[in-house]
Amino acid sequence: MAENVHAPEQTLARDVRPGTAAVPVKLITADHLADEAIADLVEGFRKYPIWTRFAFHEIRQRFRRSVLGPFWLTLSMGIMVAAMGLVFSTLFHQDMSSTLPYIAVGLINWGLLTSCINEGTAVFIGNEAYIKNVPLPVSVHFFRMLARNVIIWGFNMAIYLVVLVWFRIVPDWQFLLFIPGFALFLVNAAWMGLAAGILSTRFRDIPQVIANVVQVIFFVTPVFWSPATLSSRPAFIEWNPLYHILELTRAPLLGHDIAPHSWLFALGLAAIGLAGTAYLYRRAYARIAYWV
Amino acid sequence: MAHISIKDLSVEFAIFGANARSLKNTVLAQATGGRVMAGARDIVAVRAIDKLNLEISDGDRIGLVGHNGSGKTTLLRVLAGIYKPVSGSVCIEGRVGTLLDPSAGMDPEATGIENIYLRGYILGMSKREIAAQIPDIAAFTDLGDFLELPMKIYSAGMQARLTFAISTALQHDILLIDEGIGAGDAAFQEKAQKRIEGLFARSSIVLLASHSDALIGRFCNRKVQMEQGRPIADLPLIPEPETMNGPA
């Protein structure tokens, strides 16, 4: 209906409408797809109004009409922490006031790390309908998963506060190290989740493999048991990078120092992991919509 | 001024054999290497869009027709930036709005109002833009207090009306629509037609993939017939008079 004669008026009319003043030009080609992968991550991150809202919505939705709501997360974790704290302090004749906070902080942070990895395997597969029908950056679904798990972690941290009060732990200056420690911890959890997502989308055996590996690593890594009681540290602790990134968030919350080599391990792991994941994403990005 | 220029566009799907998607096969294929690899990986490439050329100008309302698997939806997905091409280029001038899945983002457990927001975010609207649309959507759907109730208790017709109302609130230069945009019962049809007209009038370019000749005859001024990933016919259509009266 708009012949060329009418075009000027049309353009004018559109220009008046907010948000459409400049007509964007987009070029879609088969070139530079690898570079678009990194742009997709940046664009996806900048869509935080969308992924934070959807993350909150998912959690609200999961507990809608339940009396406790999302505090069921807190309660479940609380029961787990209390049970393990009791069992271990009794079995190994350890002091509750040191065992229980250690287990609480360990389990809460470990939970965040492993849900990022386990749920990471489904970030693309599980969002097939969105990826194929909605023109959002693909990474939005990854960031949404990350946000959802950080929110759940927030609810679980209520247990930590209870533990602080119960055992009258007064946080000192080391507590401040939790901020950079947690940031580095999150960077590592993020690349692991994204890498798991990319590989799982292409190879459908990977989610099962990852679920099993994570399960085993839980027992191998000092999450609920402390290496402090061991006379010598076996290699699977000293060289276990997951132990070191866990220490970044655990030690400051318990008022302990973070060992310098834990920082090094975590930084090294983040550098290698980010580089490796960026490589994977650059290679896989253009095919994700086809693979899901 | 909105414009789409498609040059020699090709899109390929790699279809993994029933077993080729498992890790074992790739690992084995790489271990054996070379000659066996081609056979062991049995990946079949399907060309969904084959060297397609198409120029779409301001004012075009294109009805995309063709058999199932002729590449209509694939073409819309490429234009939306979802599928990446293997060769060729597409140059798009204008903001693209996509209605490929009319209910993407909606959640039956959430209330009508919540769903307006959820769907609105997925459509790329801001919170303020959505809030501005709510009175209009509420009036159009006639849902009244139902909007405060979970969508799962709605009848199918009510759900369809809500979905339709949100999707047709889009304000973009270019509109990509795949199939079902019509919605609701007979009494609703008249209102729905008006709303689609308004939506089309706000958009400079519309691409509508559909099997319904009636829908295309009603709203489109150009018909592109697809077959095996290529346009085999490109005809002008004379739209019915009502379409001309849109508030353009």
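Below, chain A is the first sequence line, B the second, and so on; all start at residue 1. For clarity, every value in this text was computed on a predicted model and none was experimentally measured.
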Parallel, tilted or perpendicular: which fits the ring planes of B/Tyr83 and A/Tyr290, with parallel below 30° and perpendicular above 60°?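 Parallel, since the angle between the ring planes stays under 30°.
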
So, do [X] and [Y] sit near enough that their side-chain heavy atoms are less than 4.5 Å apart?
X        : Y       : value
B/Ile122 : A/Phe54 : yes
A/Glu36  : B/Lys84 : yes
B/Met1   : A/Val23 : no

Give the member of [options] that has the highest number of heavy-atom pairs under 4.5 Å with chain A.
options                                : answer
B/Gly97, B/Ser87, B/Gly94, B/Gly88     : B/Gly94
B/Ser126, B/Gly124, B/Ala104, B/Ala110 : B/Ala110
B/Asp101, B/Ile6, B/Ile82              : B/Ile82
B/Gly81, B/Gly105, B/Pro150            : B/Gly105

Separation of [Y] [atom2] from [X] [atom1] (nearest 0.5 Å):
X        : Y        : atom1 : atom2 : answer
B/Glu114 : A/Arg60  : CD    : CZ    : 5.5 Å
B/Asp178 : A/Asn133 : CG    : CG    : 8.0 Å
B/Tyr121 : A/Lys47  : OH    : NZ    : 13.0 Å

Residue pairs passing the salt bridge (charged side-chain N to carboxylate O under 4.0 Å, His left out) test with at least one member in residues 119-144 of chain A, sequence neighbours excluded, are A/Glu58-A/Arg144, A/Glu119-A/Arg148, A/Glu128-A/Lys132

- Task: Begin with the C-alpha distance, continue with both residues' side-chain angles, and end with the deciding distance and a verdict on side-chain contact (heavy atoms from CB on, under 4.5 Å) for A/Lys26 and B/Glu93.
- Result: CA-CA 6 Å; A/Lys26 190 171 149 200; B/Glu93 291 169 49; over 6 Å; no

Cut-off 4.5 Å, heavy atoms of chain B, and the answer for A/Ile131 is backbone

- Contacting moiety of A/Pro24, where chain B heavy atoms sit under 4.5 Å: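 Interface part for A/Pro24: both.
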
Q. Using a heavy-atom distance cut-off of less than 4.5 Å, which residues of residues 62-69 of chain A contact chain B?
A.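 If one takes a 4.5 Å heavy-atom cut-off, the residues of residues 62-69 of chain A near chain B are A/Arg64, A/Arg65.
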
Could you walk me through whether A/Leu27 and B/Val90 satisfy the side-chain contact (heavy atoms from CB on, under 4.5 Å) test, starting with their C-alpha distance in whole Å, then the side-chain angles of each, then the deciding distance to 0.1 Å, before giving a yes or no?
CA-CA 6 Å; A/Leu27 189 66; B/Val90 180; over 6 Å; no

Shortest non-hydrogen pair, A/Ile28 vs B/Val78, comes out as CD1-O, 3.2 Å

Closest heavy-atom pair, A/Leu33 versus B/Pro85, reported as atoms and distance to 0.1 Å, is CD1-O, 4.3 Å

Is the number of heavy atoms from other residues, nucleotides or ligands within 6.0 Å of [atom1] ([X]) greater than 12?
X        : atom1 : result
A/Phe45  : CZ    : no
B/Phe13  : CZ    : yes
A/Tyr279 : OH    : no
A/Met157 : CE    : yes

### Step-by-step side-chain contact (heavy atoms from CB on, under 4.5 Å) determination, B/Cys91 to A/Val25
CA-CA 7 Å; B/Cys91 184; A/Val25 179; 3.8 Å; yes

Chi angles and distances behind the side-chain contact (heavy atoms from CB on, under 4.5 Å) call for B/Thr98, A/Val134: CA-CA 7 Å; B/Thr98 312; A/Val134 178; over 6 Å; no

So, the part of B/Glu12 with a heavy atom under 4.5 Å from chain A: the answer is backbone

When the 4.5 angstrom heavy-atom criterion is applied to B/Leu79 and chain A, the contacting part is backbone

